[in-house]
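A short worksheet on the structure shown next.
Numbers for residues simply follow the sequence, beginning at 1.
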Amino acid sequence: MTESGQEPEPGETDTEPDAEPGTDAEPDTAAEPAAEQKSDDVEGPRRRARREREERRAAQARATAIEDARREAKRRVLRRPEQEAKTLGRGTVRGLKLLMWTAVIAVLVVGLGLLLYFTPIMSARSIVVTGLGAVTQDEVVAAAGVPPGTPLLQVDTDAVAERVAEIRRVASARVQREYPSTLRVTVEERIPIVVRDYPDGVHLFDRDGVDFATAPPPPGVPYLDTEHPGPTDPATKAALEVMTSLRPEVASQVGRVSAPSVAAITLTLIDGRVVVWGTTDRTEEKALKLAALLTQPGQTYDVSSPDLPTVK
């Protein structure tokens with residue numbers, strides 16, 4: 001029927017006339033949206049499902065990682081006190097062992113010391129004296145005053161040395177323990193430098209001015225002429241300083257040294273020659289000049305001024 005409600009005439013059709021030959025037909029644009037809609041209906045759910053699966057897997061992986069991290073943190077927290085306890089326990093054991101061994105060693109040392117101190121295991125069974133000359137061993141042993149059998153640890157070596165040094169002829173003494181049973185005493189005797197006549201005999205003086213013995217004068221030792229000879233007398237010390245500065249070959253020629261004062265020292269040789277020394281200033285230089293002057297003939301040798309020594 002037509003729009004007016006009438007039926008079409010016979011021979012007419014509803015279709016539009018065909019396109020003219022040689023011309024292109026218009027594309028079927030209405031079919032394309034339908035195809036796209038159909039494609040979306042087919043592929044959309046698959047993509048959504050795949051995306052949802054991937055999202056679930058990622059969420060599960062995150063959850064697993066979080067759970068693993070939580071468990072690892074928990075294990076670390078639980079493991080740390082155990083390690084600290086183990087470390088503390090080992091350190092404590094080592095400290096206790098060290099303390100125990102220290103105590104054992106201390107007890108052994110103390111016990112050994114007490115044993116040696118109070119028992120005669122290591123006692124002074126013999127006293128060896130060295131450095132003797134005019135002094136006898138009996139004098140040194142008697143002065144030491146160490147009873148036989150005294151434990152060496154009980155011997156006060158300093159006190160023994162002081163007692164031995166009180167012997168007039170002894171200048172110094174040293175005492176040593178020699179384990180297991182020996183006490184060694186080393187003495188240094190005084191050496192006479194000058195002598196002086198006294199009513200009771202000839203007294204010997206060492207380099208310090210100490211009157212240490214009464215005995216015949218040794219050969220080659222000069223006599224001393226001073227008013228108050230002794231270790232504290234300035235004139236005596238000046239005369240001894242001159243004698244100890246002389247060369248041995250010169251000192252052996254001196255028969256008398258006179259020191260009325262520290263500024264008027266005179267040497268008289270054995271052959272009668274006289275040496276005017278003067279003061280103790282430049283003593284070493286004077287000693288060298290005198291050794292050279294004595295090779296010249298003369299009676300008086302004046303070295304009081306070492307810059308201008310003279311021979312008369």
Give, for atom [atom1] of [X] and atom [atom2] of [Y], the distance between the pair rounded to the nearest 0.5 Å.
X      : Y      : atom1 : atom2 : value
Met100 : Ile105 : CE    : CD1   : 10.0 Å
Leu246 : Glu241 : CG    : CD    : 11.0 Å
Gln253 : Leu294 : CD    : CG    : 6.0 Å
Gln176 : Thr130 : CD    : OG1   : 8.5 Å

State, to 0.1 Å, how close [X] and [Y] come at their nearest heavy-atom pair, and which atoms those are.
X      : Y      : result
Arg247 : Ala291 : CD-CB, 4.3 Å
Gln299 : Gly272 : NE2-O, 3.0 Å
Gly145 : Arg163 : O-NH2, 4.1 Å
Ala259 : Thr226 : O-CG2, 3.6 Å
Val164 : Ala173 : CG1-CB, 3.7 Å

By side chain to side chain donor-acceptor pair (under 3.5 Å), Thr280 pairs with (sequence neighbours left out) none
For [X], all residues meeting side chain to side chain contact (heavy atoms under 4.5 Å, CB included), sequence neighbours excluded:
X      : value
Ser245 : Trp277, Thr283, Glu284, Ala287
Thr136 : Asp138, Glu139
Ser252 : none
Glu67  : Arg70, Arg71

Side chain Asp208, main chain Val210, donor-acceptor under 3.5 Å: no
Do side-chain atoms of Gln154 reach the backbone of Ser123 as a donor and acceptor pair under 3.5 angstrom? no
My understanding is that a hydrophobic cluster links ILVMFWY residues whose side chain heavy atoms are under 4.5 Å apart, including indirect links. Using that, what else belongs to the cluster containing Ile270? none
Hphob cluster co-occupancy, [X] + [Y], side-chain heavy atoms under 4.5 angstrom:
X      : Y      : answer
Val276 : Leu267 : no
Val202 : Val221 : yes
Val140 : Leu152 : yes
Ile127 : Leu153 : yes
Leu99  : Val109 : no

Can you list every ring pair (Phe, Tyr, Trp, His ring centres under 6.0 Å) pair that touches residues 184-217, not counting sequence neighbours? Tyr198-His203
Residue pair Val135, Val187: steps toward the side-chain contact (heavy atoms from CB on, under 4.5 Å) verdict: CA-CA 9 Å; Val135 181; Val187 300; 5.8 Å; no
Check step by step if side-chain contact (heavy atoms from CB on, under 4.5 Å) holds for Val275 and Leu290. CA-CA 8 Å; Val275 177; Leu290 178 60; 3.8 Å; yes
Given Val194, which partner from the list Leu204, Leu224, Asp206, Thr236 fulfils the side-chain contact (heavy atoms from CB on, under 4.5 Å) test? Leu224
By the salt bridge (Lys or Arg N to Asp or Glu O under 4.0 Å) test, which pairs, at least two apart or in different chains, include something from residues 167-189? Arg168-Asp211, Glu178-Arg184
Determine which pairs satisfy salt bridge (Lys or Arg N to Asp or Glu O under 4.0 Å) with at least one residue from residues 253-271, sequence neighbours left out, and list them in order. Asp225-Arg256, Asp271-Arg273
Minimum side-chain heavy-atom gap Leu269-Val254 below 4.5 Å: yes
For residues 50-58, which side-chain N or O atoms pair as donor and acceptor with protein atoms under 3.5 Å away, sequence neighbours left out?
none

Begin from the C-alpha positions of Arg207 and Leu240 and carry the test side-chain contact (heavy atoms from CB on, under 4.5 Å) through to its verdict. CA-CA 6 Å; Arg207 62 184 305 147; Leu240 292 171; 5.8 Å; no
Under the ring-ring contact (aromatic ring centres under 6.0 Å, His included) test, residues paired with Tyr223 that sit two or more places apart: none
In this structure, are over 12 heavy atoms from other groups packed under 6.0 Å from Glu227 atom CD? no
Side-chain donor-acceptor contacts of residues 303-312 below 3.5 Å, not counting sequence neighbours, with atom names and distances?
residue	atom	partner	partner atom	Å
Ser304	OG	Asp302	OD1	2.6
Asp307	OD1	Arg282	NH2	2.8
Asp307	OD2	Arg282	NH1	3.3

